[in-house]
Amino acid sequence: MRLFVLARHGQSTLNVERRVNGDPRVDVPLTADGTANARRLGAEIAGLPIELALHTRFARTRRTAEVALEGRMVPLVEEPLLDDVDVGELEGRSIDDYRAWKRGRRRSERFPGGESLDEAARRYAEGYERLLARRERVVLVVCHEIAVRYAVNGAAGSDSLDRPLHDVPNATPFLFDGDALARAVAGIRRLSS
């Protein structure tokens, strides 16, 4: 059996400040609690024979993987398809501004200067398909809240990518076998087309 462990990064400074970041060039470090989150993730997966760790272009995902796998010889690979949503002109704005902009808009509408939630979802489906095509049997994937949320809800056969799971805790492992990840891809594609 193949096993994919999906986790959101540890708490970041922007999580605390309640601001959005969709640009991987913006350096957003983990907080002390975020580093502790990553250590806890490492303890939770310590018994798994992780063969590969994927992270996004965002430094907070790589740092979470590094801390979680400290002392283990696990290759780290960057996967841009699982990057956070490009929020364009909303970069650095408050979560409240982000939610206010989204209110009443369709998922297919692009953030000003960015991408739409549907475009991001299709990118995530492609990233998970790419992951399924790899040969490693046990893979840790450290990415972002929305990418994890969409995978969990897509695999569950939900009629919404945002429900039933909405708030994804930092550095908490969500486990998928190959069939579950394939269901996630199909669900994400169905709900974002």
Side-chain angles (χ1 to χ4, degrees), residues 1-16 20-22 24 28-85 120-121 123-132 134 136-156 158 161-185 187-188:
M1 178 177 84
R2 298 183 71 200
L3 180 64
F4 303 95
V5 180
L6 274 58
R8 179 185 182 192
H9 57 80
Q11 182 190 67
S12 73
T13 56
L14 287 187
N15 290 151
V16 173
V20 294
N21 166 237
V28 179
L30 297 179
T31 63
D33 284 346
T35 300
N37 298 155
R39 283 196 185 99
R40 187 195 71 236
L41 173 62
E44 291 171 341
I45 63 172
L48 296 176
I50 306 288
E51 297 172 30
L52 177 74
L54 289 185
H55 60 86
T56 70
R57 292 182 297 167
F58 291 73
R60 60 189 177 267
T61 64
R62 180 181 177 101
R63 184 66 186 137
T64 300
E66 288 170 343
V67 171
L69 297 169
E70 199 165 44
R72 296 173 73 171
M73 299 300 294
V74 177
L76 297 172
V77 174
E78 187 176 272
E79 179 48 81
L81 290 172
L82 298 177
D83 279 358
D84 213 345
V85 177
R123 177 168 51 79
Y124 296 151
E126 185 180 343
Y128 291 135
E129 282 179 329
R130 186 182 289 184
L131 177 57
L132 283 165
R134 296 190 64 98
E136 293 85 6
R137 290 186 27 232
V138 184
V139 179
L140 171 64
V141 179
V142 182
C143 53
H144 304 274
E145 180 178 34
I146 293 176
V148 175
R149 178 193 315 151
Y150 287 6
V152 170
N153 294 330
S158 175
L161 290 174
D162 291 319
R163 300 275 180 246
L165 177 69
H166 189 267
D167 296 323
V168 176
N170 293 98
T172 298
F174 290 83
L175 308 180
F176 292 75
D177 66 8
D179 290 342
L181 194 57
R183 282 195 314 274
V185 168
I188 292 169

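Just so you know, these numbers come straight off a predicted model, no measurement behind them.
The side-chain contact (heavy atoms from CB on, under 4.5 Å) test applied to A121 returns R107, Y150, L161, I188, S192, not counting sequence neighbours. Every residue two or more places apart in sequence or in another chain that forms a side-chain contact (heavy atoms from CB on, under 4.5 Å) with A171 is listed here: N37, R40, L41.
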Kindly indicate, with the supporting measurements, whether the criterion salt bridge (charged side-chain N to carboxylate O under 4.0 Å, His left out) is fulfilled by R123 and E126.
CA-CA 5 Å; R123 177 168 51 79; E126 185 180 343; over 6 Å; no
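Side-chain contact check for E51 versus V74: every heavy-atom pair is 4.5 Å or farther apart.
Between A151 and L6 the shortest heavy-atom distance is CB-CD2, 3.7 Å. Heavy-atom minimum distance, R72 versus I50: NH2-N, 3.3 Å. Nearest approach of F174 to V152, heavy atoms of both residues: CD2-CG2, 3.7 Å. Of all heavy-atom pairs spanning G10 and N15, the tightest one is O-OD1, 4.1 Å. When every heavy atom of D84 is checked against every heavy atom of F58, the shortest pair comes out as N-CE1, 3.5 Å. The two atoms that bring A155 and F176 nearest to each other are CB-CE2, 3.8 Å, heavy atoms only.
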If you look only at distance, which donor and acceptor atoms sit under 3.5 Å apart when one is on a side chain in residues 137-146 and the other is two or more places apart or in another chain?
| residue | atom | partner | partner atom | Å |
| --- | --- | --- | --- | --- |
| H144 | NE2 | T56 | OG1 | 2.9 |
| E145 | OE2 | V168 | N | 3.0 |

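Once rounded to the nearest 0.5 Å, the distance linking CG of L82 with OH of Y128 reads 5.5 Å. A distance of 7.5 Å separates NE2 in H55 from CD in E66, rounded to the nearest 0.5 Å. Note that OG1 of T61 and CZ of R8 are 12.5 Å apart. Values are rounded to the nearest 0.5 Å. Residue M1 holds its CE atom at 6.0 Å from CG of D177, rounded to the nearest 0.5 Å.
Although no hydrogens or angles enter the test, the distance criterion places no donor-acceptor pair under 3.5 Å between the side chain of N153 and the main chain of S158. A side-chain donor-acceptor contact under 3.5 Å links R2 to the backbone of E136. Panel note: side chain R60, backbone L30; no donor-acceptor pair is recorded below 3.5 Å. No donor-acceptor distance shorter than 3.5 angstrom exists from the side chain of T64 to the backbone of A38, with no hydrogens or angles considered.
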